[in-house]
Amino acid sequence: MAMPNPRTVLTSAPSPPAGCSSSTSSLSAAAEFMAPAPLSPSDGELLRSLHRLARDLSAAAETPVPFLRGALTSITRRYRLLAATFDDLVLCAAAAGGDMPRSASLCLREVLLVLQRFKALAADCAARSRMRLLLQSDEIEEEVRELHQDLATLLDLLPVVELGLAEDVVDLLDLASRQCRRFAPSVSVQAEQALKARVLSLIQEIEREIVPERERLREILEEVGIDDPATCSEEIESLEREIGDRASERWTDAMIALVGLLRYAKCVLFSATPRPSDSKPDPETYDRESISRWFDSGKSTCPKTGQVLTVLELVPNKALKNLIAKWCRENGVAVESSEASKSEPAQAVAANKAALEAARMTASFLVKKLSICFSPDAANRVVHEIRLLSKSGADSRAFVGEAGAVPLLVPLLYSEDAGLQLNAVTALLNLSILEANKKRIMHAEGAVEAVAHIMSSGATWRAKENAAAAVLSLASVHTYRRRLGRNLSVVEKLVHLVRTGPTSTKKDALAALLSLAGERENVGKLVDAGVAQAALSAISGEETAAAVLAALAKRGGAEAIVGIDGAVARLVAEMRRGTEWARENATAALVLLCRRLGARAVTQVMAVPGVEWAIWELMGTGTERARRKAASLGRICRRWASASAADGERGSVCPAASSVVPPAMMAS
């Protein structure tokens, strides 16, 4: 025997109050019923939430992708019906006395939860990358189907008789329920699966080193909704963000491969003009443990700028790491073995064959295209893409270098186009992170001279800053550090940046000078170029300045530093007020000056008011190295004072006027 339609019981339902006879009841008539019998706060808020949510879902924008429209637009159609139903339900429930039956209230609360799940799904789909939507299209279809079934069940259970709804409102509910039950994956599901198979086939071909046909690639991307450089760039950024967020473990490998494929497609199919946002600074350098804790805590922004990061992979700053290791060796500080870092898992991209081959194809295509560019505008677009590719990982940097990009980039450093000049020097900086590319740059004809040209005549401070950072990167190799230090033009340009540049530029220039000062044979040229004076002029604002002075003092520059009026007093001031690193380096510089020059330096230190208190304070509050250096400086000063007192009692010449160093002080 056939079961009766759940809605047939409503034919004998009591007539609704006047004014609620149809879904088009006027608000003015309903207001008369609402005034004497307001809804209870809980039920009233529930109904208003249902009405608001159904209205929002009925007006939801379509998905930006051509596929899944059948599934997602079905949500819009269902909730147009429900919005009208809930509108009448608010009015009629108020007119009937305010409170709803408990069974109706409980049922509608469950309906609210289903609506919230629908809204969350729609919002999630709107935020996902197009490619991820395609890869997960069958899962999304299934989730939409389950939600429709849940909603249909709840609508069938709703006690419409107790609510006293009008017959046409009941008909709307019945229609919505039937539509939900009849919902099935859209007729386009087969086309979606075919498109998904074609995309995955592209990935497999790239793994086999087969270059995709341009027209076929264009056709597939257009079906996904990617048909211009802007949407292609947005898709790359969305995929990278989702990979970093581990949004889909099942599809991570495919998403990584698709990033490489889209980078290739962007270069081959679209001719993009660099966006203004691309001139933003490259990532800051942080210690691995701290930045890992930052990301592990759920944050995906830069700790300094607050900028949302699209990629959360950690790239070692080898230049800085080498500087630290070198300093530790020279100062007798034990360094933990780096074996742990060698055993770190390879980047996800490196383990993905398709992504690697896509990056190789992209690098080859870009370098070939750059070789035949005859206008600054065309060259700028290509170099911009090379810059981005060389920033994306070690493998990409290797592919770009192997393809022969360096000799083509060097002449562009002399371009009068500010954007092209910036992109070219930044691309060289990104490439220089890789050891093999350092060699390519240092052996490229005119490369060092071109970098020096940027530091002096660059169109923007950002270009000059990146040129200084490139010198720092190249100087991490011992032989190149010597060669750069012998190049007076490079040294003079760095000094000029320290004297005249903004804060970020001073920082990179000082870091480069600190690296060059690590070679004893460079120090003479650094001193002659005025590095000591420049570092002293920046010492109160840049902590690296004190480190530069300590490096000079250690390797033959002590005379030049003490010969500068007020140099010792500035170092003592930095020992008092600088950052922890600046305080320990200022103290180290003072110790080295005293040991190298004896009474000439010690008398200047002792002449600074409050120096004893500064030493004692640092011994109590400084870092371990700062405390050691402060203790050494204190011993030197005490021995000098004791020797001076003894000489005074014997009527000898005051040490301040003598170049003879007291024996006690020499023993320290």
* To do: I would like to know whether Arg387 and Leu422 meet side chain to side chain contact (heavy atoms under 4.5 Å, CB included); could you show each step before the answer?
  => CA-CA 10 Å; Arg387 168 186 173 178; Leu422 174 60; 4.3 Å; yes
* Asked: Any salt bridge between Glu385 and Lys369, counting N to O under 4.0 Å?
  -> no
* Asked: Does a side-chain N-to-carboxylate-O contact under 4.0 Å join Glu357 and Arg360?
  -> yes
* Structure fact -> All heavy atoms of Thr362 vs all of Cys267, minimum pair found to be CG2-SG, 3.8 Å
* Does some side-chain heavy atom of Met455 sit less than 4.5 Å from a side-chain heavy atom of Val471? -> yes
* Asked: Rounded to the nearest 0.5 Å, how far does NZ of Lys266 lie from CG of Leu221?
  -> 13.5 Å
* **Pair Arg397 + Glu435, salt bridge at N-O below 4.0 Å** => no
* To do: Ignoring hydrogens and angles, tell me if any N or O in the side chain of Asn430 forms a donor-acceptor pair with the backbone of Ser390 under 3.5 Å.
  => no
* CG of Leu135 to CD of Glu192: how many Å apart, nearest 0.5 Å? -> 12.0 Å
* Asked: Among Gln136, Met131, Glu242, which one satisfies side chain to side chain contact (heavy atoms under 4.5 Å, CB included) with Trp251?
  -> Gln136
* **4.5 Å side-chain heavy-atom contact, Arg440 and Glu402** => yes
* Asked: Are more than 12 heavy atoms from other residues, nucleotides or ligands located less than 6.0 Å from atom CD of Gln116?
  -> yes
* Determine, for Arg128 against Asp124, whether the closest basic-nitrogen to carboxylate-oxygen distance falls under 4.0 angstrom. => yes
* Leu151 and Phe118: which non-hydrogen atoms are nearest, and at how many Å? -> CD2-CE1, 4.3 Å
* Asked: Atom CG of Leu239 and atom CG of Leu262: how far apart are they, to the nearest 0.5 Å?
  -> 6.0 Å
* Donor-acceptor contact below 3.5 Å, side chain Ser515 vs main chain Ala512 -> no
* To do: Please confirm whether the backbone N or O of Asn423 pairs with a side-chain atom of Thr426, one donor and one acceptor, at under 3.5 Å?
  => no
* How far apart are the C-alpha atoms of Arg181 and Asp156, what are their side-chain angles, what is the distance that settles it, and do they pass the side chain to side chain contact (heavy atoms under 4.5 Å, CB included) test? -> CA-CA 11 Å; Arg181 288 210 179 277; Asp156 288 346; 3.0 Å; yes
* Residue pair Arg381, Asp377: steps toward the salt bridge (Lys or Arg N to Asp or Glu O under 4.0 Å) verdict -> CA-CA 6 Å; Arg381 289 195 293 268; Asp377 185 57; 2.5 Å; yes
* **Residue pair Glu219 / Glu215, side-chain heavy-atom distance below 4.5 Å** => no
* Asked: Hey, are the side chains of Lys196 and Asp138 touching, using non-hydrogen atoms and a 4.5 Å cut-off?
  -> yes
* Asked: How far apart are the C-alpha atoms of Leu217 and Leu261, what are their side-chain angles, what is the distance that settles it, and do they pass the side chain to side chain contact (heavy atoms under 4.5 Å, CB included) test?
  -> CA-CA 10 Å; Leu217 180 60; Leu261 175 63; 4.0 Å; yes
* Asked: Quick one: side chain to side chain contact (heavy atoms under 4.5 Å, CB included) partners of Glu146, sequence neighbours excluded?
  -> Glu142
* Is Thr153 reaching over with its side chain to a backbone N or O of Gln149, donor-acceptor style, under 3.5 angstrom? -> yes
* Is it true that Glu465 and Arg462 make a salt bridge, defined as a side-chain N closer than 4.0 Å to a carboxylate O? -> yes
* Taking side chain as C-beta onward, heavy atoms only, is Arg117 less than 4.5 Å from Asp150? -> yes
* Within-4.5 Å side-chain heavy-atom neighbours: Leu370 and Leu409 -> yes
* **Leu366 side chain reached by Val400 side chain, heavy atoms, under 4.5 Å** => no
* Asked: So how far is it from Leu428 CG to Ile433 CD1, rounded to the nearest 0.5 Å?
  -> 12.0 Å
* To do: Side-chain contact test, heavy atoms from C-beta onward, threshold under 4.5 Å: evaluate it for Ser201 versus Arg216 and give yes or no.
  => yes
* Asked: Rounded to the nearest 0.5 Å, what separation is found between the CG atom of Leu82 and the NE2 atom of His51?
  -> 11.0 Å
* Structure fact -> Shortest non-hydrogen pair, Ser432 vs Leu474, comes out as CB-CD2, 4.2 Å
* Could you tell me which non-hydrogen atom of Arg109 sits nearest to which non-hydrogen atom of Leu46, and how far apart they are? => CG-CD2, 3.7 Å
* Asked: What distance do Ser415 atom OG and Asn380 atom CG have between them, rounded to the nearest 0.5 Å?
  -> 8.0 Å
* To do: Go through Leu389 and Phe399 one step at a time and tell me if the side chain to side chain contact (heavy atoms under 4.5 Å, CB included) criterion holds.
  => CA-CA 9 Å; Leu389 183 61; Phe399 296 148; over 6 Å; no
* Are Glu240 and Arg263 close enough for a salt bridge, meaning some N to O gap below 4.0 Å? -> yes
* Any side-chain donor near an acceptor of the partner, Lys507 and Thr544, under 3.5 Å -> no
* To do: Heavy atoms only: give me the nearest Val224-Arg130 pair and the separation to one decimal.
  => O-CD, 3.5 Å
* Asked: Looking only at atom types and distance, does a side-chain atom of Ser137 sit under 3.5 Å from a main-chain N or O of Leu134, one as donor and one as acceptor?
  -> yes
* Shortest non-hydrogen contact between Ala444 and Val406, atoms and distance -> CB-CG1, 3.8 Å
